[in-house]
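Working notes for the structure below.
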Amino acid sequence: KPAKRLSSDSNSHEGATAGELSALEEAFRKFAVHGDTRATGKEMHGKNWSKLCKDCHIIDGKTVTTTDVDIVFSKIKGKSVRTITFEQFKEALQELSKKRFKGKSDEEALQEMYKLIEGKGPGLTGVTKTVASPTVSRLTDTSKFTGSHKERFDASGKGKGRAGREDLVDNSGYVSGYKHAGTYDHKVQGNK
């Protein structure tokens, strides 16, 4: 019997044999090990549970809030443990789906819930989206810099690197910043 290979197309629900993870379980595992090097992916911490709920838009701020998510987590996990298993995770989703998709049957609500999560992984959704806020653009507009900071950028706003930061020694013999540097011989000859 050939060894089962994990298929890369995890979206196919048909033929998900015991060796393959469902898209839901795959998402569960990705979030379960997120930020924890020792995690096996079999249990999920509360922190990662709330991250999953945020990243997968289960928390919408109206029907489901971070508090709801925390309450459900506490209710479902055992008393002395700090994690939930995949089975408990499905229970927790069942709980939240009633709130998140009011007016749908339990089954439908749960399916909707699964759709939000399947195929997702932590942090891939806009973790470092750069926000073009006026404050940030004002602070990073090098043309408005003054003093010593101004010297660190060329006209196009590109940093000069080390040359802009360090006072590179000028060995011309003139006082730094002297405007008539190089005119000495000129004057001497002109006065004869």
Side-chain angles (χ1 to χ4, degrees), residues 1-137 139-140 159:
K1 172 176 153 195
K4 280 196 194 105
R5 203 168 50 83
L6 282 175
S7 70
S8 55
D9 53 302
S10 59
N11 296 345
S12 59
H13 286 287
E14 303 80 48
T17 51
E20 291 178 3
L21 296 181
S22 67
L24 184 72
E25 193 168 351
E26 199 171 330
F28 171 81
R29 290 204 173 180
K30 279 184 192 157
F31 278 98
V33 297
H34 178 72
D36 185 355
T37 46
R38 295 186 313 276
T40 55
K42 292 192 171 36
E43 290 105 31
M44 185 181 285
H45 282 282
K47 196 173 103 216
N48 291 7
W49 159 249
S50 50
K51 179 168 177 52
L52 179 140
C53 292
K54 274 194 199 84
D55 287 6
C56 298
H57 307 293
I58 292 168
I59 296 173
D60 58 0
K62 293 188 280 295
T63 52
V64 176
T65 63
T66 39
T67 315
D68 297 323
V69 165
D70 293 343
I71 291 169
V72 168
F73 184 81
S74 305
K75 198 165 104 183
I76 291 210
K77 74 174 179 59
K79 283 259 180 297
S80 58
V81 286
R82 294 180 26 215
T83 55
I84 54 172
T85 62
F86 182 59
E87 290 311 311
Q88 290 170 315
F89 168 70
K90 288 203 287 203
E91 270 176 63
L93 290 179
Q94 180 89 55
E95 284 280 320
L96 283 175
S97 65
K98 293 177 196 141
K99 270 184 87 84
R100 180 73 164 78
F101 300 103
K102 277 196 181 87
K104 290 197 174 189
S105 73
D106 287 3
E107 191 48 46
E108 270 186 310
L110 196 58
Q111 287 311 314
E112 289 296 321
M113 205 66 156
Y114 288 176
K115 276 193 196 119
L116 287 173
I117 300 168
E118 288 174 349
K120 292 269 184 13
L124 304 174
T125 49
V127 168
T128 48
K129 256 206 299 271
T130 46
V131 183
S133 77
T135 316
V136 173
S137 45
L139 293 172
T140 53

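Quick caveat: nothing in here was measured; it's all calculated off a predicted structure.
Residue pairs meeting the salt bridge (charged side-chain N to carboxylate O under 4.0 Å, His left out) criterion with at least one member in residues 33-46, sequence neighbours excluded, do not occur.
A salt bridge links Lys115 with Glu112: at least one charged nitrogen is closer than 4.0 Å to a carboxylate oxygen.
Contact detail for Gly121 and Lys30: the closest heavy-atom pair is CA-CD, 3.8 Å. Pairing each heavy atom of Ala32 with each of Ala39, the nearest pair is O-CB, 3.6 Å. In terms of heavy-atom proximity, Arg100 sits nearest to Ile58 at NE-O, 2.9 Å. Leu24 approaches Phe86 most closely through the heavy-atom pair CD2-CZ, 4.0 Å. Of all heavy-atom pairs between Cys53 and Leu96, the closest is SG-CD1, 4.2 Å. The heavy-atom pair separating Ala109 from Lys104 by the smallest distance is N-CB, 4.1 Å.
The main-chain N or O of Phe31 is found under 3.5 Å from a side-chain atom of Asn48 such that the two form a donor-acceptor pair.
Between the CZ atom in Arg82 and the NZ atom in Lys77 there is a gap of 9.0 Å [rounded to 0.5 Å]. The line from CG of Leu52 to CZ of Phe28 is 9.0 Å long, rounded to the nearest 0.5 Å. Between atom CG of residue Asp70 and atom CD1 of residue Ile59 there is a gap of 7.5 Å, rounded to the nearest 0.5 Å. Atoms CZ and NZ, from Phe73 and Lys47 in turn, are 11.5 Å apart once rounded to the nearest 0.5 Å. Rounding to the nearest 0.5 Å gives a distance of 9.5 Å between OG of Ser74 and NZ of Lys79. Summarising the geometry, atom CE belonging to Met44 is positioned 10.0 Å from atom OG belonging to Ser50; distances are rounded to the nearest 0.5 Å.
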*Decide side-chain contact (heavy atoms from CB on, under 4.5 Å) for Asp55 and Lys120; before the verdict, give the C-alpha distance in whole Å, the side-chain angles of both, and the deciding distance to 0.1 Å.*
CA-CA 8 Å; Asp55 287 6; Lys120 292 269 184 13; over 6 Å; no

Give the table of side-chain donor-acceptor pairs shorter than 3.5 Å for residues 87-94, with sequence neighbours excluded, one pair per line with atom names and distance.
residue : atom : partner : partner atom : Å
Gln88   : OE1  : Thr85   : N            : 2.8
Gln88   : OE1  : Thr85   : OG1          : 3.4
Gln88   : NE2  : Ile76   : O            : 3.4

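The side-chain contact (heavy atoms from CB on, under 4.5 Å) check on Thr67 picks up Thr65, Ile71, with sequence neighbours excluded.
Surrounding NZ of Lys98 are more than 12 heavy atoms belonging to other residues, nucleotides or ligands, all under 6.0 Å away.
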